[in-house]
Trainee: 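Sharing a structure below in structure tokens format, with a few things to ask.
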Amino acid sequence: MYHRILVGFDGSAQAVAALRLARALGEPDATIVVAHVTPSGRGDEAARVAADPVLRSARELLAGRPDVELVAPAGRVAPALHRTAQETMCDLIVVGASRRRGAGRVILGSDAEASLHGAPCAVAVATPDADGPIGRIGVAFDGTAAGREAVLSAGVVAHDLGADLTVLGVVDTRHPHPGFGEVGGPGDVRARARDLLTDVVAAVQGVPGVARQLHEGDPVHEILSLGRASDLLVVGSRRNGPLLRLLLGSVSSRVVRRAACPVLVLPAGAVVPGRVTAAA
């Protein structure tokens with residue numbers, strides 16, 4: 001679980017949901033750093049006056065937490081959050097997203113979506129209507145080393161939360177390509193995909209309830225279907241998965257915008273505290 005978590009907070013319902021998700025993903029004694037970003041150009045005193053009531057409300061919502069830090073960085077939201085995460089040595093950034101009425105889709109907003117790109121650590125996007133326990137975690141696997149890291153990281157979170165884990169691989173059949181042969185034929189990538197999926201599931205440790213699924217079709221559609229059956233969805237942000245053609249650079253953004261549950265986005269190389277050493 002995460003030791004130091006930065007939450008972007010502006011007092012909105014989305015920000016309150018981000019606080020809830022931060023509490024769920026943090027250790028019991030984790031430090032939660034609450035950041036209310038103020039526009040650049042304000043003087044220090046004006047920025048402090050604007051930020052104080054917002055940060056006080058966050059502290060009240062976190063009453064009983066052993067370690068809460070309140071900060072008011074200035075500038076554009078995403079760069080300010082990235083900078084603050086580095087300065088405060090946080091291993092997770094949590095931001096909120098709103099829900100489109102009647103459509104069941106997330107509206108990230110430019111600030112929240114910008115926070116996904118170039119972040120120095122993992123980023124979690126909270127949905128306002130997800131406030132129950134995390135008992136089911138889904139993770140997308142694209143056949144790459146970075147995708148494997150995402151699965152193992154999801155396994156750590158599942159282990160620490162006592163949650164079940166479903167690992168999903170998607171063979172993108174929408175567009176023919178040279179490595180995609182007929183079913184059962186020598187060029188059939190499905191067999192290789194099944195082997196990769198079996199291997200990565202075997203490497204997950206400490207999670208009794210691990211399931212694997214290999215689907216064909218549109219990766220975004222299949223991952224969103226997994227999200228509807230999950231309390232937390234985990235995706236990597238590696239740009240290209242050549243075997244399963246899961247383009248998680250663009251796919252992760254589209255998934256986060258439309259997911260029915262909170263999403264944890266893991267940049268390649270992001271460290272997850274407490275990671276169990278994977279099987280070789």
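Remember, predicted model here, so these are calculated numbers, not experimental data.
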Trainee: Could you report the tightest heavy-atom contact between Ala18 and Gly96, atom names first, then the distance?
Mentor: CB-N, 3.9 Å
Trainee: Go through it in stages, so that I can follow the logic: the residues are Arg23 and Leu62, the test is side-chain contact (heavy atoms from CB on, under 4.5 Å), and I'd like the CA-CA distance, side-chain angles, deciding distance and then a yes or no.
Mentor: CA-CA 9 Å; Arg23 296 181 71 159; Leu62 293 170; 3.7 Å; yes
Trainee: So, using side-chain contact (heavy atoms from CB on, under 4.5 Å) as the criterion, who are the partners of Ala30 when residues are at least two apart?
Mentor: Glu27, Arg65
Trainee: Look at Asp231 together with Arg136 and state whether they make a salt bridge at an N to O cut-off of under 4.0 Å.
Mentor: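 Looking at Asp231 and Arg136, the cut-off is met.
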Trainee: Measure the spacing between CZ of Arg190 and CG of Leu214 and express it to the nearest 0.5 Å.
Mentor: 9.0 Å
Trainee: Working note: Arg59 + Val34, criterion side-chain contact (heavy atoms from CB on, under 4.5 Å); need CA distance, chi angles, decisive distance, verdict.
Mentor: CA-CA 8 Å; Arg59 184 180 289 281; Val34 182; over 6 Å; no
Trainee: Is any side-chain heavy atom of Ile134 closer than 4.5 Å to one of Leu25?
Mentor: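 Sidechains of Ile134 and Leu25: in contact.
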Trainee: Between atom CG of Leu161 and atom CD1 of Ile137, what is the distance when rounded to the nearest 0.5 Å?
Mentor: 5.5 Å
Trainee: Of all heavy-atom pairs between Leu152 and Ala203, which one has the smallest distance, and what is that distance?
Mentor: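 Of all heavy-atom pairs spanning Leu152 and Ala203, the closest is CD2-O, 3.6 Å.
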Trainee: State, yes or no, whether a side-chain contact exists between Ile32 and Val94 at a heavy-atom distance under 4.5 Å.
Mentor: no
Trainee: Say you draw a straight line from NE2 of His215 to CD1 of Ile223; how long is it, rounded to the nearest 0.5 Å?
Mentor: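 Atom-to-atom, His215:NE2 and Ile223:CD1 are 11.5 Å apart.
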Trainee: Measure across Phe141 and Val167 and return the closest heavy-atom pair with its distance rounded to 0.1 Å.
Mentor: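 Looks like CB-CG1, 4.0 Å.
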Trainee: What's the separation between atom CD1 in Ile5 and atom OG1 in Thr31, rounded to the nearest 0.5 Å?
Mentor: 9.0 Å
Trainee: Would you name the heavy atoms of Val207 and Gly155 that are closest together and state the gap between them?
Mentor: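 Heavy atoms of Val207 and Gly155 come nearest at CG2-O, 3.3 Å.
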Trainee: Looking at side-chain heavy atoms only, is the closest gap between Leu224 and Val220 below 4.5 Å?
Mentor: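 A side-chain contact under 4.5 Å exists here.
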Trainee: Please walk me through it: do Val157 and Val234 pass side-chain contact (heavy atoms from CB on, under 4.5 Å)?
Mentor: CA-CA 10 Å; Val157 178; Val234 180; 6.0 Å; no
Trainee: Check Gly8 against Ala15 and note the closest heavy-atom contact, atom names and distance.
Mentor: O-CB, 4.1 Å
Trainee: Determine whether Val170 and His221 make a side-chain contact, defined as any pair of heavy atoms from C-beta on separated by less than 4.5 Å.
Mentor: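 Not touching, per the 4.5 Å side-chain cut-off.
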Trainee: Check the pair Val204 / Val200 against side-chain contact (heavy atoms from CB on, under 4.5 Å), numbers first and verdict last.
Mentor: CA-CA 7 Å; Val204 175; Val200 77; 5.7 Å; no
Trainee: How long is the gap from CG on Leu61 to CZ on Phe9, to the nearest 0.5 Å?
Mentor: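 The CZ atom of Phe9 is 5.5 Å from CG of Leu61, to the nearest 0.5 Å.
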Trainee: OG of Ser225 to CG of Leu168: how many Å apart, nearest 0.5 Å?
Mentor: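 Answer rounded to 0.5 Å: 9.0 Å.
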Trainee: Looking only at heavy atoms, what is the nearest atom pair of Ala126 and Pro262, with distance?
Mentor: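 Of all heavy-atom pairs spanning Ala126 and Pro262, the closest is CA-CB, 4.4 Å.
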Trainee: Within a strict 4.5 Å, meaning less than it, do heavy atoms of the Arg4 and Glu69 side chains meet?
Mentor: yes
Trainee: So, do Glu149 and Leu266 sit near enough that their side-chain heavy atoms are less than 4.5 Å apart?
Mentor: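 The answer is no; the side chains never approach within 4.5 Å.
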Trainee: Taking the side chain as C-beta and beyond, is there a heavy-atom pair between His36 and Asp52 under 4.5 Å?
Mentor: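 Not touching, per the 4.5 Å side-chain cut-off.
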Trainee: Side chains of Leu81 and Pro73: does their closest heavy-atom pair fall under 4.5 Å?
Mentor: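 In short, these two side chains do not touch, never coming nearer than 4.5 Å.
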Trainee: Give a yes or no answer on whether the side chain of Asp29 reaches the backbone of Pro66 with a donor-acceptor pair at less than 3.5 Å.
Mentor: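 No, because the side chain of Asp29 does not come within donor-acceptor range (under 3.5 Å) of the backbone of Pro66.
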